[in-house]
Amino acid sequence: MDGSNAEELAIGCFVSIKTTLSDEFQGQVITFDRPSNIGSKGGSRRNIRLLKANYIKELSYLGQAEDPLDVKNCYLDLNSLRAREELAIRQAEAESERIGVGVTSQAQNIFDALSKTLPVRWDKTVIVVMNAVRVSSPYTPESVSGGTPAANERVKKVLELERKRLQTRGSGQ
């Protein structure tokens with residue numbers, strides 16, 4: 001479909017489209033940008049699809065509806081949007097707490113490796129494991145302190161194995 005037939009993509013029309021890639025779908029035209037020859041359509045579940053008009057192989061007009069962008073007819077579930085926003089913020093905060101500030105990439109790799117099997121967090125440049133055992137720079141088994149003797153030994157063992165694994169992975173590349 002070339003730009004000369006673009007008037008068929010009038011905003012608000014319900015259309016059935018078959019693309020040059022054999023995709024078929026129906027929806028309402030939400031917008032059409034003549035300079036770029038790109039339109040967008042909304043589906044029954046309010047999914048938006050952008051489509052370059054050049055890729056339309058067949059277009060069937062199914063009818064006209066009200067303006068899809070009429071504010072009076074738009075419905076936004078603000079509570080759902082706020083809940084999604086809060087969840088995204090909590091996830092981003094949790095992920096940012098897992099990144100050490102002022103530590104080497106090796107220290108971050110050790111932290112990431114330890115976090116796979118043990119609960120860990122950063123306390124400035126010190127890795128705190130199980131809220132009791134502390135691993136300071138240079139992050140070797142000898143730099144482990146605190147916690148019960150059993151927890152201390154467990155962290156040393158995991159740290160030793162992880163350092164060996166990271167060294168092997170580093171030399172294998």
Side-chain angles (χ1 to χ4, degrees), residues 17 19-33 36 38-52 55 67-173:
I17 294 175
T19 69
T20 56
L21 302 172
S22 299
D23 289 335
E24 294 183 44
F25 50 88
Q26 295 179 353
Q28 184 178 20
V29 177
I30 295 174
T31 186
F32 181 73
D33 181 54
S36 66
I38 294 178
S40 67
K41 68 124 204 117
S44 59
R45 294 177 294 185
R46 290 294 183 202
N47 290 335
I48 305 276
R49 175 179 271 179
L50 298 177
L51 178 67
K52 189 142 177 91
Y55 291 100
D67 181 358
L69 301 177
D70 184 0
V71 177
K72 289 177 260 165
N73 295 328
C74 289
Y75 173 74
L76 293 176
D77 182 358
L78 294 178
N79 290 332
S80 174
L81 291 174
R82 285 186 186 113
R84 286 177 60 189
E85 176 188 32
E86 288 174 22
L87 177 62
I89 289 170
R90 281 195 306 271
Q91 287 175 335
E93 287 172 346
E95 288 174 18
S96 72
E97 289 174 4
R98 297 181 51 78
I99 299 171
V101 178
V103 299
T104 64
S105 61
Q106 182 187 31
Q108 185 64 52
N109 288 339
I110 290 170
F111 178 92
D112 293 341
L114 287 170
S115 72
K116 292 177 184 176
T117 57
L118 298 166
V120 295
R121 65 179 172 81
W122 285 106
D123 179 14
K124 296 186 175 120
T125 60
V126 175
I127 300 172
V128 180
V129 185
M130 299 181 288
N131 284 328
V133 181
R134 300 175 66 81
V135 184
S136 303
S137 181
Y139 311 102
T140 60
E142 294 77 33
S143 60
V144 173
S145 64
T148 64
N152 195 300
E153 287 304 311
R154 165 100 171 118
V155 171
K156 284 181 180 180
K157 184 172 180 107
V158 171
L159 182 61
E160 187 176 320
L161 292 171
E162 289 301 337
R163 286 184 66 88
K164 284 180 184 174
R165 189 179 65 77
L166 289 170
Q167 277 182 332
T168 304
R169 188 172 57 175
S171 62
Q173 291 177 347

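Listed by first then second residue, pairs satisfying side chain to side chain donor-acceptor pair (under 3.5 Å) with a partner in residues 131-150 read Arg121-Asn131, Asp123-Arg134, Thr140-Glu142, not counting sequence neighbours.
Relative to the six-membered ring of Phe111, Arg98 misses at least one condition, a distance below 6.0 Å or an angle of at most 45° to the axis.
A heavy-atom distance below 4.5 Å is found between the side chains of Ile110 and Ile127. Contact check for Arg163 versus Leu159: side-chain heavy atoms found under the 4.5 Å cut-off. Using a 4.5 Å heavy-atom cutoff, the side chains of Val135 and Val155 are in contact. Using a 4.5 Å heavy-atom cutoff, the side chains of Ile99 and Trp122 are not in contact. Between Arg84 and Leu87 the shortest side-chain heavy-atom distance does not fall below 4.5 Å.
At a threshold of 4.0 Å, the pair Lys164-Glu160 counts as salt-bridged, since one of the basic side-chain nitrogens sits closer than that to a carboxylate oxygen. Under a 4.0 Å N-O distance rule, the pair Arg165/Glu162 qualifies as a salt bridge.
Around atom CZ of Arg154, no more than 12 heavy atoms belonging to other residues, nucleotides or ligands sit under 6.0 Å away.
Atom CG of Leu21 is separated from atom CG of Asp23 by 6.0 Å, given to the nearest 0.5 angstrom. Atoms CD and CZ, from Glu95 and Arg90 in turn, are 13.0 Å apart once rounded to the nearest 0.5 Å. Arg49 CZ to Ile17 CD1: the interatomic distance, rounded to the nearest 0.5 Å, is 8.5 Å.
The main-chain N or O of Gly100 is found under 3.5 Å from a side-chain atom of Gln108 such that the two form a donor-acceptor pair.
Across every non-hydrogen atom of Gly102 and Thr125, the tightest pair is O-CG2, 3.8 Å. Nearest heavy atoms, Val120 versus Ser115: CG2-CB, 3.4 Å.
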Query raised in the report: Does the pair Lys156 and Asn152 meet the rule for a side-chain contact (heavy atoms from CB on, under 4.5 Å), with working shown?
Result: CA-CA 6 Å; Lys156 284 181 180 180; Asn152 195 300; 3.0 Å; yes

